[in-house]
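Chain A is the first sequence line, chain B the second, and so forth, proteins listed ahead of strands; every chain is numbered from 1.
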Amino acid sequence: MVGEIARRSEDFSEWYNELVRRAELADYAPVRGCMVIRPYGYALWEQIQRGLDQRFKETGHRNAYFPLFIPYSFIEKEAEHVRGFSPQLAVVTHGGGEELEEPLVVRPTSEAIIGHLYSKWIKSYRDLPVLINQWCNVVRWEMRPRLFLRTTEFLWQEGHTAHATFEEAEEEARKILDIYAEFAEEEAAIPVIKGRKSESEKFPGALVSYSIEGMMGDRRALQMGTSHNLGQNFARAFNIQYLDRNNQLQYCWTTSWGVSTRFIGAVIMVHGDDQGLILPPRLAPIQAIIVPIYKGDEDGEKSQVLEAVAKVKALLSGSIRVEVDDREGYTPGWKFNEWELRGVPLRIELGPKDVAQEQAVLARRDLPGKEGKRAVPQAALREEAERLLEEIQRSLYKRALEFREAHTHEPKDYEEFKAAVEDGFALAPWCGEAECERAIQEETKATNRCIPLEQEPLSPKARCIRCGRPAKERAVFARAY
RNA sequence: CGGAGGGUAGCGCAGCUCGGUAGCGCGCAGCGUUCGGGACGCUGAGGUCGCGGGUUCGAAUCCCGCCCCUCCGACCA
């Protein structure tokens, strides 16, 4: 565990890969593209789950569970859906030692199976809306896997709702997008851009897809959550119909939305530094780590320190997720580095000097070295620790926002545009044509991340940054994960 | 699937050109001394050299085939 990790500024990919494993978030599995999420990484996922789940429930959603296997024919019912997903399906052809009558797809997402059930459950306008979420795993046979960012199997939540009108479905899709954005910014301290996906980037089968897009530490974009208004496409494919007040048979309007373990990748890539992870306090499984410092126990030093440590832990544990690192055989300096690698936002050092003065030393993870260290009287420790955690949370967000803004450009012409996407995000007017998007990608490697929902109206004379045809809105272009 | 680099102890690597039966650092175990920014000493455990075949008296090393991993592209939450 000793040794430098790759420098973030020099080799971001290598830094990321090493960090995920060194911090014991995850490890490679024996099957290509699959990952093992280790207890520390899973604890982080549980924090994410907790925050999102609470928000879903507050807005009237309930959890359920649908099966892993989907009859192959279900996937084929929605034309764009099958076209979008068939290249990356895992298909089960044998079971119980015999070839199956119909192959089963391991769900890449659950619109199909849930649509099937919704068609059975929904009969009347009185049954609507249906607001269901599930936490589960899905499988997509990706070409180029990366820990957390793109794994063959991943964990996520997928919400699936059915409504009586387009407006209600649209409102739902937007409400969830707002929840995702609020969660990313408030809990993960990651500023995100809320936007609509272009036609070529939208979810297969959706009427309109929304996403939150974040800028990672290497200035590339990452889609951190999506919310789709599926229109009546899936309702027609799966026959999800209800009788309205006038006894007329109507197709439902459905939505789906998801956030995956990829979100953990974003937390790593946005906040981490050369020392390792920096976890935002609200998501950190361990918010404060107490490191006892003592020599031998001839003069009772060790027992005095440990006694004070126990007292401090008890003092804090009511309001803070705090743990003690009382492992023998590791020096304090080693532990400092270890917990920095693991991204614990606050470290509490407690040694003989502190026992004598009834104080403890607080060290902030986001400020390296002496700058982030301060001695605090034990009587004020709880209040001060709580305050510092909030300050770290805010300061991480501010840092990430300033970074994004420093690397977001509004190019005047295509030459500037090319330079802009080399540096980060380019916010530029465009014509809305898929062919132009494709050309931009070929020429610059940048893709259309989204059309930001919040943007100034364009002047009628505005022209597409690449082709010069009339533009009606701005899009964010960037190299993306 | 195209381009590049790799696979030797848990991790990082050397050894391969020039064949002679495997080594270094870290980590791990035990004991002792240490402990306010990655301590040190001694002792020790740990390897079918990615897999299969071939050449040879003898292969980590040479030849053939395959598999896997990482990075850059096409795909993607």
Side-chain angles (χ1 to χ4, degrees), chain A residues 1-6 11-14 16-18 21-22 27-33 83-89 108-109 136-158 180 197 200-201 203-204 209 211-214 222-228 256-266 275-276 291-297 301-302 305 325-341 347-356 359-361 363 368-370 372-373 375 438 441-442 445 447 479-481:
Chain A
M1 201 50 71
V2 171
E4 294 292 308
I5 62 172
D11 189 343
F12 196 84
S13 290
E14 187 60 24
Y16 177 85
N17 285 329
E18 265 187 62
R21 278 178 293 165
R22 289 272 300 271
D27 206 345
Y28 291 110
V31 177
R32 177 191 151 76
R83 205 173 321 130
F85 279 106
S86 57
Q88 38 181 201
L89 293 179
T109 178
C136 68
N137 58 341
V138 289
V139 167
R140 299 179 188 178
W141 220 261
E142 300 288 355
M143 302 313 273
R144 200 144 97 72
R146 281 197 98 199
L147 293 168
F148 288 114
L149 301 175
R150 204 182 310 99
T151 47
T152 301
E153 177 190 11
F154 57 91
L155 305 184
W156 75 347
Q157 58 71 213
E158 48 177 329
Y180 286 164
K197 285 290 186 183
S200 46
E201 295 277 340
F203 178 76
S209 288
S211 73
I212 53 170
E213 302 281 333
L222 183 75
Q223 178 174 311
M224 295 167 58
T226 51
S227 179
H228 317 289
S256 69
W257 27 275
V259 160
S260 73
T261 36
R262 167 182 273 194
F263 199 93
I264 294 173
Q275 312 312 317
V291 178
I293 298 162
Y294 50 80
K295 301 196 202 309
D297 198 28
E301 182 177 289
K302 177 180 171 183
V305 166
D325 186 355
D326 55 4
R327 288 177 292 177
E328 300 285 349
Y330 294 96
T331 62
W334 189 92
K335 291 178 181 176
F336 296 170
N337 283 282
E338 169 80 357
W339 292 107
E340 280 169 7
L341 173 68
R347 183 178 67 243
I348 302 172
E349 305 171 10
L350 218 161
K353 287 180 226 163
D354 306 302
V355 171
Q359 63 173 26
V361 174
K370 287 218 158 39
K373 264 185 164 180
R438 243 194 330 273
Q441 179 167 5
E442 277 165 25
K445 294 180 186 167
T447 51
R479 295 193 59 187
Y481 278 97

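Here B/C1 presents its C1' atom at 16 Å from CH2 of A/W141, a figure rounded to the nearest Å. Rounded to whole Å, the distance from CH2 on A/W334 to C1' on B/G37 is 13 Å. The distance between atom NZ of A/K295 and atom C1' of B/U33, rounded to the nearest whole Å, is 14 Å. Atom CG of A/D325 and atom P of B/C35 are 18 Å apart (whole Å). Rounding to whole angstrom units, OH of residue A/Y330 and P of B/G37 are separated by 19 Å. In this structure, A/I293 places its CD1 atom 14 Å from C1' of B/U34, rounding to the nearest Å. For A/K335 and B/A39, the NZ to P distance is 12 Å, given to the nearest whole Å. Separating the CG atom of A/D27 from the P atom of B/U70 is a distance of 12 Å, rounded to the nearest angstrom.
Both distances falling under 3.5 Å, in either a Watson-Crick or a G-U wobble arrangement, place B/G65 opposite B/C51. The partner of B/C28 is B/G44, by the rule that a Watson-Crick or G-U pair needs both atom distances under 3.5 Å. Remark: B/U34 base-pairs with no nucleotide; criterion is Watson-Crick or G-U wobble with both hydrogen-bond distances under 3.5 Å. The nucleotide B/G20 finds its pairing partner in B/C57, both defining distances of the Watson-Crick or G-U wobble pair being shorter than 3.5 Å. Look at B/C76: it lacks any Watson-Crick or wobble partner with both distances under 3.5 angstrom. Of all nucleotides present, only B/A4 satisfies the Watson-Crick or G-U wobble test against B/U70, with each distance under 3.5 Å.
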Please assess A/Y481 against A/Q223 for the test side-chain contact (heavy atoms from CB on, under 4.5 Å), listing each intermediate value before the final yes or no.
CA-CA 8 Å; A/Y481 278 97; A/Q223 178 174 311; over 6 Å; no

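The base of B/G37 sits within donor-acceptor range of the side chain of A/K373, with an N or O pair under 3.5 Å.
When the C1' atom is compared between B/C69 and B/A59, the two are found 25 Å apart, to the nearest whole Å. One P atom belongs to B/C42, the other to B/C16, and the distance between them is 30 Å to the nearest Å. With C1' as the reference atom, B/G41 and B/C49 are 32 Å apart, rounded to whole Å. Taking atom P on both B/C68 and B/C62, the two are 23 Å apart, rounded to the nearest angstrom. Going from the P atom of B/G32 to that of B/G25 covers 25 Å, rounded to whole Å. Separation of the C1' atoms belonging to B/U48 and B/U43 is 28 Å when rounded to the nearest angstrom. B/A22 sits 26 Å from B/G65 when the C1' atoms are compared, rounded to a whole Å. Rounded to whole Å, the P atom of B/A74 lies 16 Å from the corresponding atom of B/G3.
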Identify the pairs formed between an N or O of the protein and an N or O of nucleotides 72-77 of chain B at a distance under 3.5 Å, and give each distance.
residue : atom : partner : partner atom : Å
B/C72   : OP2  : A/R144  : NH1          : 2.9
B/C72   : OP2  : A/R144  : NH2          : 2.8
B/G73   : OP1  : A/R479  : NH2          : 2.3
B/C75   : O2   : A/E142  : OE1          : 3.4
B/C76   : O2'  : A/E142  : OE2          : 2.9
B/C76   : O2   : A/R150  : NE           : 2.5
B/C76   : N3   : A/R150  : NE           : 3.2
B/A77   : O3'  : A/Q223  : NE2          : 2.4
B/A77   : O3'  : A/R262  : NH1          : 3.4
B/A77   : N6   : A/T151  : N            : 3.0
B/A77   : N6   : A/T151  : O            : 2.9
B/A77   : N3   : A/S260  : OG           : 2.9

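Residues passing the side-chain contact (heavy atoms from CB on, under 4.5 Å) test with A/P108, sequence neighbours excluded: A/I75, A/F85, A/L89, A/V105, A/R140. The side-chain contact (heavy atoms from CB on, under 4.5 Å) search around A/E349 returns A/I293, A/F336, A/R347, A/V361, A/A363, A/K373, not counting sequence neighbours. Here A/S209 pairs with A/K197, A/K202, A/F203, A/A206, A/H228 under the side-chain contact (heavy atoms from CB on, under 4.5 Å) rule; sequence neighbours left out. The salt bridge (Lys or Arg N to Asp or Glu O under 4.0 Å) check on A/K295 picks up nothing, with sequence neighbours excluded.
In this structure, A/Q157 contributes its side chain and A/V259 its backbone to a donor-acceptor pair below 3.5 Å.
When the side-chain nitrogen and oxygen atoms of A/N17 are compared with OP1 and OP2 of B/C69, none of them lie within a distance under 4.0 Å. Between A/Y294 and the phosphate of B/U34, there is no side-chain N or O to OP1/OP2 separation shorter than 4.0 Å.
Across all strands, A/V361 comes closer than 4.0 Å to base atoms (heavy-atom distances).
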How would nucleotides 7-13 of chain B be written as a contact map, 5' to 3', with B for base contact, S for sugar-phosphate-only contact and - for no contact, using protein heavy atoms under 4.0 Å?
-------

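Scanning all heavy atoms of the two residues, the minimum distance from A/A480 to A/T447 falls at CB-OG1, 4.0 Å. Here the closest heavy-atom approach between residue A/L222 and residue A/A266 is recorded as CD2-CB, 3.6 Å.
Looking at A/P292 and A/L350, their side chains never come closer than 4.5 Å, going by heavy atoms from C-beta outward. Side chains of A/L149 and A/Y16 form a contact here, defined as non-hydrogen atoms less than 4.5 Å apart. Looking at A/T151 and A/E142, their side chains never come closer than 4.5 Å, going by heavy atoms from C-beta outward.
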